[in-house]
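Notes for the one structure printed next.
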2 protein chains.
Amino acid sequence: MADADIAEYQSKTLSNYLQAGNLMAVDCPSREVLKHLTSRWGVLVLIALQSGMHRYSDLRRKIGGVSERMLIQTLQWLEQDGMVRREALPVVPPHVEYSLTPMGEEAAEKVRALADWIEIKFPYIAAAQMQRKAG
Amino acid sequence: MADADIAEYQSKTLSNYLQAGNLMAVDCPSREVLKHLTSRWGVLVLIALQSGMHRYSDLRRKIGGVSERMLIQTLQWLEQDGMVRREALPVVPPHVEYSLTPMGEEAAEKVRALADWIEIKFPYIAAAQMQRKAG
DNA sequence: TACTTTTATGTAGGTACCTTCTAAAAGTAA
DNA sequence: TTACTTTTAGAAGGTACCTACATAAAAGTA
């Protein structure tokens with residue numbers, strides 16, 4: 001932990017951490033969490049992990065089009081936010097298991113509700129888009 | 001409507017539009033919709049409009065930190081996707097009213113469920129972040 | 001020695017989001 | 001005439017996401 005982090009940590013009282021976030025406020029740090037959970041790949045990682053533990057390469061296969069770099073990046077964001085648990089087995093070649101924490105399960109449910117809705121409603125959305133272009 | 005759009009439109013049969021989206025697929029156009037709904041300002045616009053019609057400047061005031069450019073941009077995405085209805089009154093200075101379509105109401109509910117969850121859980125998330133940095 | 005495997009990291013470069021500034025429109029008020 | 005109103009567009013420039021490619025480690029096999 002860097003000195004700057006320690007200073008920042010100690011400057012905040014417990015009550016600061018008990019306050020709910022306010023996403024409408026300009027500088028509320030909860031916006032960072034929103035950004036991670038709703039990021040291009042964050043959504044898909046959460047949904048993919050809902051069906052249980054996955055290895056890194058499993059996720060890469062499952063989530064079409066994600067690059068190695070961004071998958072790692074996204075997993076690290078979600079791990080840092082306490083949504084994803086990372087377990088590295090001390091073997092060669094490396095074997096790393098990713099799974100959702102209890103908090104991650106809750107987040108994944110919310111995100112999946114939106115994703116499912118989009119998938120089901122997509123025909124209507126596409127139709128609306130066409131109508132608008134044609135109109 | 002441009003010729004290219006007409007050609008694209010006619011190349012698709014009705015059944016194409018009745019297929020549900022698949023967000024895990026690389027090139028499924030539903031991913032664009034997901035991107036709009038979960039974009040940095042898209043989430044906040046949907047939630048803000050849940051309490052009814054807002055003028056452009058109302059939204060700008062309500063959503064902390066959004067720039068004029070991005071608010072317009074986001075509203076146009078959501079309008080194009082059929083989530084937001086835009087009504088311009090023919091007066092000077094301009095008076096434009098934005099509101100959710102029925103489909104937008106549904107999307108907003110899903111998005112708000114996630115946002116509410118983040119705001120409530122934020123103290124725990126922040127604590128998790130700190131633990132990780134300190135660990 | 002060369003090659004394999006899996007999970008990362010580093011870098012170079014592109015793209016798209018995003019902010020800021022400027023400007024337009026046509027009325028009203030000073 | 002000048003300033004001010006509200007909504008939107010355009011341009012310039014910054015930043016962060018994102019892709020692609022190269023590199024690394026570690027221990028086993030051909």
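Throughout, a chain's letter reflects where its sequence line sits, starting with A, and its residues are numbered from 1.
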Please tabulate, for the side chains in residues 67-77 of chain B, all donor-acceptor contacts under 3.5 angstrom to protein atoms that are two or more places apart in sequence or on a different chain.
{"unit_1": "S67(B)", "atom_1": "OG", "unit_2": "M70(B)", "atom_2": "N", "d": "3.3"}
{"unit_1": "T74(B)", "atom_1": "OG1", "unit_2": "M70(B)", "atom_2": "O", "d": "2.7"}

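The side-chain hydrogen bond (donor to acceptor under 3.5 Å, both in side chains) test with D58(A) is passed by exactly one of R55(A), R60(A), R61(A): R61(A).
Residue Q76(A) is classed as a sugar-phosphate contact, given heavy-atom separations below 4.0 Å to backbone atoms only.
Listed pair R86(A) / dA8(C) meets the phosphate criterion, a side-chain N or O lying under 4.0 Å from OP1 or OP2. In this model, the phosphate group of dT19(D) is not approached by any side-chain N or O of Q73(A) to a distance below 4.0 Å at OP1 or OP2. Within the structure, every side-chain polar atom (N or O) of Y98(B) is placed at least 4.0 Å from both OP1 and OP2 of dT6(D).
Between the CD atom of E32(B) and the P atom of dT15(C) there is a distance of 16 Å, given to the nearest Å. Residue L89(B) contributes atom CG, which lies 16 Å from atom C1' of dG27(C) at whole-angstrom precision. Rounded to an integer number of Å, the gap from NE2 of H95(A) to C1' of dA27(D) is 17 Å. Atom CG in L71(B) sits roughly 11 Å away from atom P in dT19(C) (whole-Å rounding). For the pair M70(A) CE and dT9(C) P, the computed distance is 13 Å after rounding to whole Å.
For the helix from dT1(C)-dA30(D) to dA30(C)-dT1(D), the angle separating the two terminal helix axes comes to 40°, with each axis derived from five pairs and the value rounded to 10°.
V92(A) is not connected to Y56(A) by any chain of hydrophobic side-chain contacts under 4.5 Å among Ile, Leu, Val, Met, Phe, Trp and Tyr, and they are in different clusters.
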Between V45(B) and L78(B), is the side-chain contact (heavy atoms from CB on, under 4.5 Å) condition met? List the steps. CA-CA 9 Å; V45(B) 164; L78(B) 296 178; 3.8 Å; yes
Full working for side-chain contact (heavy atoms from CB on, under 4.5 Å) between L49(B) and L59(B): CA-CA 8 Å; L49(B) 287 180; L59(B) 286 173; 3.8 Å; yes
Does the pair V33(A) and Q129(B) meet the rule for a side-chain contact (heavy atoms from CB on, under 4.5 Å), with working shown? CA-CA 10 Å; V33(A) 179; Q129(B) 289 171 340; 4.1 Å; yes
Given side-chain contact (heavy atoms from CB on, under 4.5 Å), test D116(A) with K110(B) step by step and report yes or no. CA-CA 10 Å; D116(A) 283 351; K110(B) 310 294 178 189; over 6 Å; no
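Screening residues 33-53 of chain A for side chain to side chain donor-acceptor pair (under 3.5 Å), with sequence neighbours left out, gives E32(A)-K35(A), H36(A)-D81(A), Q50(A)-R112(A), S51(A)-K62(A).
Between P93(A) and T74(A), the residue anchored closer to the 5' end of DNA chain D is T74(A), taking for each the nucleotide with the nearest heavy atom. Of the residues near DNA chain C, V92(A) and L75(A), the one whose nearest nucleotide (by heavy atom distance) lies more toward the 5' end is V92(A).
Here the CD-CD distance, from Q80(A) to Q131(B), works out to 11.0 Å after rounding to the nearest 0.5 Å. Taken from CG in L23(A) to CD1 in I63(B), the straight-line distance is 11.5 Å, to the nearest 0.5 Å.
Near DNA chain C, meaning a heavy atom under 4.0 Å from it, residues 56-68 of chain B has G65(B), S67(B) in order of number. Proximity of residues 40-55 of chain B to DNA chain C (heavy atom under 4.0 angstrom from any strand atom) is restricted to R40(B), W41(B).
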List every contact pair, protein side and nucleotides 10-12 of chain C side both N or O, where the distance is under 3.5 Å.
{"unit_1": "dG10(C)", "atom_1": "N7", "unit_2": "R69(A)", "atom_2": "NE", "d": "3.3"}
{"unit_1": "dG10(C)", "atom_1": "O6", "unit_2": "R69(A)", "atom_2": "NE", "d": "3.4"}
{"unit_1": "dT11(C)", "atom_1": "O4", "unit_2": "R69(A)", "atom_2": "NE", "d": "3.0"}

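Of the candidate nucleotides dA9(D), dT6(C), dC18(D), dA9(D) has the atom lying nearest to any side-chain atom of I72(B).
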